[in-house]
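What follows is a single structure, written as structure tokens, with notes after it.
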Amino acid sequence: MNGSARFGLWHVHVHWEENMVFRINFMRRPVPGSVPVEISRFLAGISENFGDFRSIGTTADYPFANIYEAVERIEYGKTETYGEIARVTGTHPRLVGLALKRNPTPLLIPCHRIIGKNSIGGFTPDITIKEDLLSLEKRRTKKQK
DNA sequence: CCAGGCTTGGAGG
DNA sequence: CCTCCAAGCCTGG
């Protein structure tokens with residue numbers, strides 16, 4: 001299945017089958033079709049998780065699966081550094097950056113929660129998406145308590 | 001094969 | 001405060 005949902009100036013393209021999500025991309029234009037309600041609710045700041053949906057990125061043989069698993073464990077509204085992810089996965093911060101750039105499913109694998117020690121770090125295709133996702137989570141987390 | 005990537009910590013000025 | 005650099009390792013060219 002394919003579809004897209006609006007997120008600010010961007011359109012989140014989702015490609016999935018059953019409960020397995022193969023690809024999530026941020027594009028400037030929409031495509032026909034919608035996305036799973038779990039994803040649109042997350043983008044709207046209504047929910048904090050994706051129910052039974054799984055990312056292809058954390059299947060055993062996928063490149064960087066161990067890094068993606070570590071990233072997946074970061075809680076909603078929290079952040080971690082590239083260095084810390086490198087430490088727990090026994091690799092190098094720079095390799096973490098490489099893995100995140102190749103993240104097949106942003107959101108499900110919350111690479112936006114990884115920031116640099118001295119800067120926000122990067123985000124492909126546009127850093128403003130990362131900023132918007134982080135402020136969305138911060139806003140909702142604050143509202144919770 | 002080889003350069004370069006969403007980094008980091010340390011050395012040196 | 002600043003710049004410079006090595007370490008780490010996977011992948012596209």
Side-chain angles (χ1 to χ4, degrees), chain A residues 1-17 19-31 33 35-36 38-144:
Chain A
M1 305 293 297
N2 273 289
S4 69
R6 181 83 178 282
F7 183 67
L9 297 173
W10 294 84
H11 295 271
V12 184
H13 292 210
V14 182
H15 171 42
W16 79 102
E17 242 16 280
N19 71 335
M20 177 65 79
V21 181
F22 297 104
R23 199 68 59 173
I24 293 181
N25 292 307
F26 292 90
M27 312 286 259
R28 301 315 295 261
R29 316 220 76 90
V31 289
V35 305
E38 286 82 350
I39 291 177
S40 52
R41 288 169 64 85
F42 181 94
L43 291 171
I46 297 170
S47 76
E48 302 187 358
N49 59 68
F50 302 96
D52 292 328
F53 284 94
R54 298 280 171 269
S55 168
I56 185 75
T58 46
T59 54
D61 52 344
Y62 202 88
F64 305 120
N66 59 328
I67 293 177
Y68 296 141
E69 279 165 18
V71 173
E72 242 182 10
R73 283 187 224 112
I74 305 170
E75 289 176 43
Y76 189 95
K78 300 201 172 170
T79 58
E80 204 56 88
T81 62
Y82 294 93
E84 179 61 11
I85 298 299
R87 197 184 63 75
V88 300
T89 55
T91 185
H92 193 275
R94 202 151 177 196
L95 197 60
V96 174
L98 182 61
L100 297 188
K101 184 178 180 183
R102 305 228 167 111
N103 183 0
T105 64
L107 305 182
L108 259 68
I109 296 168
C111 58
H112 57 282
R113 293 179 197 147
I114 314 295
I115 58 179
K117 189 180 183 186
N118 303 300
S119 75
I120 190 174
F123 194 93
T124 305
D126 194 310
I127 192 64
T128 61
I129 297 171
K130 188 178 192 173
E131 294 166 348
D132 290 346
L133 287 169
L134 286 173
S135 63
L136 168 74
E137 296 195 1
K138 191 173 297 182
R139 201 159 55 239
R140 175 178 167 80
T141 304
K142 193 174 295 182
K143 202 184 296 180
Q144 290 290 301

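For the numbers below, each heavy atom of this structure counts, side chains included, while hydrogens, waters and symmetry mates do not. These numbers were taken from a predicted model, which means no experiment stands behind them. Here is the naming used below: chain letters follow the sequence lines, and residue numbers restart at 1 for every chain.
Here B/dG4 presents its C1' atom at 16 Å from CG of A/Leu100, a figure rounded to the nearest Å. Regarding A/Leu95, its CG atom lies at a distance of 10 Å from the C1' atom of B/dG5, rounded to whole Å. The distance between atom CD1 of A/Ile67 and atom P of B/dT7, rounded to the nearest whole Å, is 13 Å. At whole-Å resolution of the value, CZ in A/Phe64 and C1' in C/dG8 are 11 Å apart. Separating the OH atom of A/Tyr82 from the P atom of B/dG9 is a distance of 14 Å, rounded to the nearest angstrom.
In this structure, A/His112 and A/Phe42 have perpendicular ring planes: the angle between them is above 60°, well past the 30° mark.
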Sub-3.5 Å pairs of nitrogen or oxygen atoms, protein against nucleotides 1-3 of chain B:
none

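When atom types are taken as modelled, the side chain of A/His13 and the backbone of A/Arg29 share a donor-acceptor pair closer than 3.5 angstrom. At least one donor-acceptor pair under 3.5 Å links the side chain of A/Ser119 to the backbone N or O of A/Gly121.
Between A/Arg41 and A/Glu38 there is no salt bridge, since none of the side-chain N atoms of the basic residue sits less than 4.0 Å from a carboxylate O of the acidic one.
Residue A/Glu137 forms a salt bridge (charged side-chain N to carboxylate O under 4.0 Å, His left out) with just one option from A/Arg113, A/Lys78, A/Lys142, and that option is A/Arg113. For the side-chain contact (heavy atoms from CB on, under 4.5 Å) criterion with A/Ile114, the lone passing option out of A/Thr81, A/Ile74, A/Thr79 is A/Ile74.
Taking both residues in full, the closest heavy atoms of A/Ala99 and A/Tyr68 are given as O-OH, 2.7 Å, listed atom of the first, atom of the second, then distance.
Around the CE atom of A/Met1, the shell of radius 6.0 Å holds no more than 12 heavy atoms that belong to other residues, nucleotides or ligands. Within 6.0 Å of CD in A/Glu75 there are 12 or fewer heavy atoms belonging to other residues, nucleotides or ligands.
Counting only heavy atoms from C-beta outward, the side chains of A/Phe26 and A/Asp126 never approach each other to under 4.5 Å.
Within residues 84-94 of chain A, the residues having any heavy atom closer than 4.0 Å to DNA chain B are, in order of number, A/His92, A/Pro93, A/Arg94. Listed by residue number, there are no residues of residues 114-138 of chain A with a heavy-atom contact under 4.0 Å to DNA chain C.
In this structure, CG on A/Asn19 lies 14.0 Å from CZ on A/Phe50, to the nearest 0.5 angstrom.
Partners of A/His11 by ring-ring contact (aromatic ring centres under 6.0 Å, His included), not counting sequence neighbours: none found. Residues satisfying the side-chain contact (heavy atoms from CB on, under 4.5 Å) criterion with A/Glu48, sequence neighbours excluded, are A/Tyr76, A/Arg140, A/Gln144.
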request  = Represent DNA chain C in dot-bracket notation, 5' to 3'. Only Watson-Crick or G-U wobble pairs with both distances under 3.5 Å count; pseudoknot-style crossings use [ ] and interstrand partners use |.
outcome  = |||||||.|||||

